Each structure stands twice: as structure tokens, then as C-alpha cells.
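Take a look at the structure set out below.
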Number of protein chains: 2
Amino acid sequence: MSGKRNLIRSGTTVDQMVRAISDRIVTGFLRPGEKLDEASLAARFDVSRTPIREALSRLSAMGLVERRPNRGATVAVVTQEHLASMFESMAELEAICARFSAERMTAGERRTLEAEHQASARFVQLGAEEEYELFNTEFHTRLYRGAHSKHIYELTVMTRGRLAPFRRAQFMLPGRLAQSWQEHDAIVTAIMRGDSAAAGTAAKDHVSIVSEASAVFAIGDRPKGRTEPFPTSAS
Amino acid sequence: MSGKRNLIRSGTTVDQMVRAISDRIVTGFLRPGEKLDEASLAARFDVSRTPIREALSRLSAMGLVERRPNRGATVAVVTQEHLASMFESMAELEAICARFSAERMTAGERRTLEAEHQASARFVQLGAEEEYELFNTEFHTRLYRGAHSKHIYELTVMTRGRLAPFRRAQFMLPGRLAQSWQEHDAIVTAIMRGDSAAAGTAAKDHVSIVSEASAVFAIGDRPKGRTEPFPTSAS
DNA sequence: GAGGCAAAAAGTGTATGCAATTGCTCCGGC
DNA sequence: GCCGGAGCAATTGCATACACTTTTTGCCTC
């Protein structure tokens, strides 16, 4: 009743539903294991069941909800173990990307990577977390692209997307910005040297540290009812 | 018209459509880049557009078709490069699984792995390709499970599923059975020793060789109109 | 004759209604 | 008192109808 969808910014209806539902899951408004009734959701957002169904499909593919035929959908229960497993995978994937980047990046790609990385030092000095976070995403994307392997890229981006809800607060920790830059520096240096092994381990360590900083934010541990909006797409 | 769906064995209608369409893609009856019109497909299989749409969504998630909003779906064009990228990813993923298996498998898992592997030697002697192929799938699944990392497992199984259409003929090559067993043996030996590095490289090499044997079978290279049935699910 | 605009046709996206499956409750039997 | 089955309610799956977007086609203008 209260959900007037013409207020929410556009895109196809399904996209809106995906955003709306994933937001409610990620913010803890919908608790893990909770049943997602199609009719209720449709009524809640004032749309028909059709886009809800498709949204649930997509969310299922994203790993945020689980669907069983003829039995409806529930909010995915992400255990501490599963979360750890995802971070672990992320570390391995980033390591692969870094290794491949060290071997395969073109001269131009290397130049840009290094230049942008050096430029980001400014954000660290200023303590500009917002801007650094933005750069950070771009930095990693550059690494994924540099691997020159479309499928690795897809796997990595997908995994990052699944992890996005859990890593929001990583730069809140004091000194994290400077440390992150140092870790990036190790990766960049190794890549510039073409040292794939070093690049791989540096990348893996980088993610592992982020992992530890974020592990506290498992969905199940979050208090109910948080409603502030934030982007769920990791871009 | 000709598509009597009550003859096709059961499961939900969407499942049938997924099977039917993916079969037609994989057998080359539907060519890469070809437009998939929802209405036509619905008429062809004598169902409504609703399950067709959901099937296309799933196939899109599987990577077999590509969808663009408001512009319909097309059969995914898998280039030689993309295929190589998938095999490369597969090699890396299997390497990770093997490494983790070497480190984390329980005593029971190791015992079973070794026992089953030894038992499979019999299939090699007999030249029982069918049975060996079945065992082979199970062997690799055991490896993925042994990594004790749910997300790595998911990524690996997903990638294997995407590759399944392209690796059918790998055991047709003469001597491939025996060679495959030898490669498995190297992996198993390393895992039993707990030598994760050796297990990783052995697994990577194993996949790389399979990759070379299968690379010829890119979808684009296949003649049109092949209709013999074969399983599309990699189980 | 070429380019562009507009209207119609084709096709996707969404809504609604009906069929089928699941899970539950209630009744009867052991 | 407990277990099992039949009927019923609730919910998902599928079909059909309608709305909107995109693309094509044909006409008009330059």
C-alpha cells in the first residue's frame, strides 16, 4: 500500500523489484530464512506477481534468495562459513587476475594502472574515504580486465557482487586507507615487474585482510530494521 | 505442432523448455547469434510465453543465450577466445580445488578418492569409455567437494556446466583413457601426500590437456542440423 | 534519389485469471 | 493416544490479455 513505485527511480519494473528486495535483504529488513511470498511482495510494491517472480529468479541467481520448485522463495541464509568461503574464493580469483595481469597487461594498461594508483595517494592523504572507495573499485576492475580472460572476469565480478553487501564498512577502520594503498602498491609493483607470482600473493593477501575486516558483517548478525539506502550494485 | 510436451519426461514446464532449448542450441539446430523469439518458441513447444521467458532467463544465467532488455534474446556467440578463456578458468579452478583438497580432505575422503580411482583402472583396461566418463565426472566432483569451500564448489560446477557442451568428444581420441588415468593418478598421489602445490599443477595440467582435445568443438564450427540426443546436464 | 519523420507492426514487459501442486487440518481407524 | 488419509486452504506455476518499447516501412520533403 505504501509503496508507490513511481517514486522509485526508473529502469524496468523487474530491476526496481530486484533493487527493492535486495535492499530489504541487505539491510536486514528481511531476515535470513524468511519466506518471500509472491503475492505479499506484489501487494507491498503495488505490482503484479510477474515481475516479482522474475526478480526472485534473478536474486536467486545472485545468491541472495533460495528458490525451491512449488515451494516458494526464502531469504538465503548466509552462514559465517559460507561467507568465509566467498572471501576465500575472492582472494583466489583476485590472485589469478593479478597473476594474469602481470603476464598479459599491455603497456598502456600498465601505465594507466600505475598512474591511477599513484593519483589515488592523494585520497589517502586527504582521508577522502568516499573517493578512495570509488577508486578502489575501479582499481580492482582494472585488475580483472587486465587478466584478458572474459570468463575469469565474469566469475570475479559475480563473486564481488555477492560479497558487496558484506564489505561496506571495510574502510571505517582507522588507518585502513593507508594500509590499503600500501597493499595496492605491492600489487602494482609486482605487475610492473611482470612478476606474476608476487602479484598473485600480494593480491591474495590484500583480499584476505579485507576479509578479516568485513567478517563481522554477516547478514545474520545484523540488527533488524535498518533502512538507510545505499547502492547494492558493486558496478 | 510437432512438439507434444507430454511425451517429454517430466519436471516443471520451465525445466522442459530449458532442456529443449539448450539441446537445440548445443546440437547446433539453433545457430549462434540467432534471434530467439518468445512467441515462436512458445508456439513451437505448445506452451505459453511465460515459461519460455523464464527458461530464457535461466539459459541466460547459464551463458547459453544473451538477453538485452526490450530487445529479446539471442543464442550466445561463443568465440574461440571465450571458449579458451573458459577452459583456462576451469584449469585454475580445478587447481584451486586440488590444492585445497590436498590440504583439507578428511581421511575418509582421501580413502574414498584413492579407492575409486584405483577401481577406475578397470574401465581403462576394458576400454569402457561410457563408464569411465561417468567415473570421471564423479572423480572431479569429489575433488570439488574436497576443497570444503561451498563457493569455490559453486563456481567450479557452474563453469563445468558451461563447458559441458564442448567437451563431449574428449575421450574419442585414441589412448586418451589411459592418459587421463595417469593424470588422475598424479593428482591423487599429490593429494594423498598432502602436497598442495603438486596437486594444483597436476590438476591444471590435466584440464589443459582436455582443453586442447576439445578446442575444436566450438559451437560456431559445428555443422547445422545435428539432432542426435545427448545429455546436456553435466551432473 | 536520399534522408528523415511518423505511423504501424512486431515483440517484449506487465497484469490478471485459472490450473495444479503443496501443506495443513480434521476426521476416522487402529 | 497416535498414526494415516482425505479434503481444504494457501501458494506457486502456467495461460492469456493488455501496455509499452523498439523496429520497420512507407511517405513526404528537400
Side-chain angles (χ1 to χ4, degrees), chain A residues 1-22 24-25 30-31 33-62 64-76, chain B residues 1-22 24-25 30-62 64-77:
Chain A
M1 308 304 177
S2 59
K4 286 295 177 193
R5 77 172 184 277
N6 45 11
L7 294 183
I8 307 175
R9 75 174 178 290
S10 71
T12 166
T13 306
V14 176
D15 290 337
Q16 297 172 15
M17 294 304 103
V18 169
R19 277 199 296 269
I21 298 173
S22 72
R24 276 166 181 72
I25 293 175
L30 292 169
R31 311 295 278 282
E34 190 168 336
K35 194 154 193 304
L36 294 172
D37 178 40
E38 295 176 1
S40 310
L41 288 171
R44 169 75 186 76
F45 296 114
D46 194 32
V47 297
S48 82
R49 276 178 50 221
T50 311
I52 295 288
R53 280 179 65 81
E54 190 170 334
L56 289 177
S57 288
R58 287 203 207 166
L59 291 166
S60 167
M62 289 186 209
L64 274 180
V65 319
E66 284 170 11
R67 284 188 105 185
R68 291 189 307 176
N70 282 316
R71 284 191 211 174
T74 58
V75 178
Chain B
M1 322 293 176
S2 57
K4 287 295 175 191
R5 76 172 183 277
N6 45 11
L7 293 183
I8 307 176
R9 77 173 178 292
S10 70
T12 166
T13 306
V14 175
D15 290 337
Q16 297 171 15
M17 295 303 105
V18 168
R19 276 198 297 269
I21 297 173
S22 72
R24 276 165 182 73
I25 292 175
L30 291 170
R31 310 295 278 285
E34 190 168 337
K35 194 151 194 306
L36 294 172
D37 178 40
E38 295 176 1
S40 310
L41 288 171
R44 171 72 184 78
F45 296 116
D46 195 32
V47 298
S48 83
R49 276 179 50 220
T50 311
I52 296 287
R53 280 180 65 80
E54 189 170 337
L56 289 177
S57 286
R58 287 202 208 166
L59 291 166
S60 167
M62 288 185 210
L64 275 180
V65 319
E66 284 170 11
R67 284 189 107 184
R68 291 190 307 177
N70 280 316
R71 286 190 206 178
T74 58
V75 178
V77 178

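Proteins come first, then strands; the chains are lettered A, B, ... in the order of their sequence lines, and each starts at number 1. Given the structure is predicted, the values throughout are model-derived calculations rather than measurements.
Partners of B/Ser48 according to the side-chain contact (heavy atoms from CB on, under 4.5 Å) rule, which considers only residues two or more places apart in sequence or in another chain, are B/Thr50, B/Pro51. When the side chain to side chain donor-acceptor pair (under 3.5 Å) test is applied to A/Asn70, no partner is found at least two apart in sequence or on another chain. With sequence neighbours left out, the side chain to side chain donor-acceptor pair (under 3.5 Å) criterion links B/Arg49 to B/Glu38. Shown here are the side chain to side chain donor-acceptor pair (under 3.5 Å) partners of B/Ser57, two or more places apart in sequence or in another chain: B/Arg67.
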> Based on Watson-Crick and G-U pairs with both distances under 3.5 Å, what dot-bracket line describes DNA chain C 5' to 3', crossing pairs as [ ] and inter-strand pairs as |?
Replying inline: ||||||||||||||||||||||||||||||
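Contact of the B/Arg24 side chain with the B/Glu34 side chain is not registered, since no non-hydrogen atoms from C-beta on lie closer than 4.5 Å. Residues A/Gln16 and A/Val47 are not in side-chain contact: their nearest non-hydrogen atoms beyond the backbone lie 4.5 Å or more apart.
Distance from the side chain of A/Thr12 is smallest for C/dT14 among the nucleotides C/dG11, D/dC14, C/dT14. Residue B/Asp37 has its side chain nearest to C/dT12 when only C/dT12, D/dT12, C/dT14 are considered.
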> Where along nucleotides 17-22 of chain C does protein come under 4.0 Å, by heavy atom, of base (B) or sugar-phosphate alone (S), with - for untouched nucleotides?
Replying inline: B---SS
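Atom CD of A/Gln16 is separated from atom C1' of C/dT14 by 12 Å (rounded to the nearest Å). With rounding to whole Å, A/Glu54 atom CD is found 14 Å from D/dG13 atom P. A/Ile52 has its CD1 atom 13 Å from the P atom of C/dT16, to the nearest Å. Rounding to whole angstrom units, CZ of residue A/Arg67 and C1' of D/dT12 are separated by 9 Å. Between the P atom of C/dT14 and the CG atom of A/Leu56 lies a distance of 14 Å, rounded to the nearest Å. In this structure, the CG atom of A/Asp15 is 14 Å from the C1' atom of C/dT12, given to the nearest Å. The CE atom of A/Met17 sits 9 Å away from the P atom of C/dA15 (whole-angstrom rounding). Distance, B/Glu38 CD to D/dC14 C1': 15 Å, rounded to whole Å.
Distances shorter than 4.0 Å separate none of the side-chain N or O atoms of A/Thr50 from OP1 or OP2 on C/dT16. Taking only side-chain nitrogens and oxygens, A/Arg68 never comes nearer than 4.0 Å to OP1 or OP2 of D/dG13. When the side-chain nitrogen and oxygen atoms of A/Lys35 are compared with OP1 and OP2 of D/dT12, one or more of them lie within a distance under 4.0 Å.
The residue from A/Val14, A/Thr12, A/Asp15 that alone fulfils the side chain to side chain contact (heavy atoms under 4.5 Å, CB included) condition with A/Glu54 is A/Val14. The residue from B/Leu36, B/Ile21, B/Leu59 that alone fulfils the side chain to side chain contact (heavy atoms under 4.5 Å, CB included) condition with B/Val75 is B/Leu36.
Going from atom CE of A/Met17 over to atom CZ of A/Arg44 covers 9.5 Å, rounded to the nearest 0.5 Å.
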